[in-house]
Amino acid sequence: MRLHGRYKFKAPREAVWRVLLDREALAKGVPGCQRLDAVAPDTYEATLKIGVASVKGVYTGRITIGDKVPPERYRLTVEGSGAQGFVRGEGVLDLAEADGRTILTYAGEAQVGGTIAGVGQRMLGGVAKLLVRLFFHGMAKQLNLSEEEVEELDA
């Protein structure tokens, strides 16, 4: 499954960059995050409680941030599993500044397997978009931005 999109934050790029790399901000902003522990520089073990339709569960996994080019881009790798299945994904976040605002572009691929994959690709795509939206709005909250100060572009 391919994921891509753009968000505009009413904040400078350096501030958005900092919050996207801050463990505490990530723990508060990731939907369903119950635990996010640093196990190495830019590597975290996480426990998430999320659900897709009637398939709900607790997933544990690893999040790694790499290929950093401050404050412009980084690669995010996610691997996780639970009783309902697994997810593996990788994507790139690009940050550009325009008039004191940040345009964040993300693009990546995700694979889902197990019972959770049985809900259908169309539904999974919608759920993935919702989780991404919740994540970026959670990050905006960590920047003390209001709902109006973060905008999904190309929605």
Side-chain angles (χ1 to χ4, degrees), residues 1-36 38 41-44 46-53 55-56 59 61-80 85-113 116-117 119-155:
M1 167 179 25
R2 291 212 26 83
L3 300 169
H4 58 87
R6 294 185 315 148
Y7 279 82
K8 179 167 54 172
F9 295 86
K10 190 175 181 180
R13 178 170 66 172
E14 287 77 16
V16 176
W17 175 262
R18 277 192 308 272
V19 81
L20 287 170
L21 293 172
D22 182 81
R23 191 201 67 76
E24 287 185 34
L26 289 168
K28 291 177 184 173
V30 171
C33 186
Q34 295 183 321
R35 177 183 67 88
L36 186 67
D42 296 325
T43 303
Y44 306 96
T47 302
L48 306 175
K49 184 176 182 179
I50 55 176
V52 176
V55 182
K56 296 175 172 53
Y59 298 85
R62 187 170 283 240
I63 299 168
T64 306
I65 296 170
D67 301 335
K68 292 191 296 189
V69 180
E72 298 174 12
R73 130 183 306 161
Y74 71 72
R75 178 173 308 281
L76 184 68
T77 304
V78 178
E79 293 182 16
F86 72 88
V87 64
R88 277 190 289 265
E90 184 172 277
V92 173
L93 281 74
D94 285 296
L95 286 76
E97 189 159 2
D99 300 322
R101 300 173 196 277
T102 301
I103 306 296
L104 182 148
T105 304
Y106 68 91
E109 294 268 342
Q111 297 173 330
V112 180
I116 198 165
V119 301
Q121 289 296 16
R122 182 181 297 164
M123 187 173 192
L124 279 177
V127 170
K129 279 290 245 189
L130 173 63
L131 291 173
V132 167
R133 184 177 304 118
L134 290 172
F135 171 73
F136 286 125
H137 280 271
M139 293 296 93
K141 208 175 199 178
Q142 298 307 307
L143 286 160
N144 295 314
L145 299 178
S146 68
E147 287 288 319
E148 295 78 34
E149 293 175 308
V150 59
E151 176 185 358
E152 184 176 5
L153 306 173
D154 309 327

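The analysis underlying the following values was restricted to heavy atoms, covering all of them including side chains, and did not include hydrogens, waters or symmetry mates.
- Looking at Y44 and R23, their side chains come closer than 4.5 Å, going by heavy atoms from C-beta outward.
- When every heavy atom of N144 is checked against every heavy atom of E149, the shortest pair comes out as O-OE1, 4.2 Å.
- Looking at heavy atoms from C-beta onward, T47 lies out of side-chain contact with Y59 at the 4.5 angstrom threshold.
- The residue from M1, E90, R88 that alone fulfils the side-chain contact (heavy atoms from CB on, under 4.5 Å) condition with Q111 is R88.
- K8 has a carboxylate O that lies under 4.0 Å from a charged side-chain N of E151, or vice versa, which qualifies the two as a salt bridge.
- Annotation for T105 and R6: closest pair OG1-CG, 3.5 Å, computed over non-hydrogen atoms.
- Residues I63 and A46 approach most closely at CD1-CB, 4.1 Å, considering heavy atoms.
- Nearest heavy-atom pair, L3 versus A110, reported as atom, atom and distance to 0.1 Å: CD1-CB, 4.4 Å.
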- Step by step, work out the side-chain contact (heavy atoms from CB on, under 4.5 Å) result for V69 and Y74. CA-CA 6 Å; V69 180; Y74 71 72; over 6 Å; no
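- Between atom CG of residue L76 and atom OG1 of residue T64 there is a gap of 8.0 Å, rounded to the nearest 0.5 Å.
- Distance check, rounded to the nearest 0.5 Å: OG of S146 to NZ of K141 gives 12.0 Å.
- Contact check for R133 versus L130: side-chain heavy atoms found under the 4.5 Å cut-off.
- One finds the OG1 atom of T43 at 8.5 Å from the CD1 atom of I65 (value rounded to the nearest 0.5 Å).
- E72 has its side chain within reach of R13: a pair of non-hydrogen atoms, C-beta onward, lies under 4.5 Å apart.
- L104 has its side chain within reach of F9: a pair of non-hydrogen atoms, C-beta onward, lies under 4.5 Å apart.
- Taking both residues in full, the closest heavy atoms of T102 and A11 are given as OG1-O, 2.7 Å, listed atom of the first, atom of the second, then distance.
- Counting heavy atoms from C-beta outward, E97 and W17 have side chains that stay 4.5 Å or more apart.
- By the 4.5 Å heavy-atom criterion applied to side chains, R73 and V92 are counted as neighbours.
- Across all non-hydrogen atoms, the minimal contact from P71 to L95 is O-CB, 3.6 Å.
- With salt bridges taken as basic N to acidic carboxylate O contacts below 4.0 Å, one links K68 and D42.
- For E24, there are no side chain to side chain donor-acceptor pair (under 3.5 Å) partners at least two apart in sequence or on another chain.
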- Message: L20 vs M139, test: side-chain contact (heavy atoms from CB on, under 4.5 Å). Steps then yes/no.
- Response: CA-CA 7 Å; L20 287 170; M139 293 296 93; 3.8 Å; yes
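- With sequence neighbours left out, F136 forms a ring-ring contact (aromatic ring centres under 6.0 Å, His included) with Y7, Y106.
- In this structure the side chain of L143 reaches within 4.5 angstrom of the side chain of V16, judged on heavy atoms.
- With salt bridges taken as basic N to acidic carboxylate O contacts below 4.0 Å, one links R2 and E109.
- With hydrogens and angles disregarded, a donor-acceptor distance shorter than 3.5 Å links the side chain of K129 to the backbone of H4.
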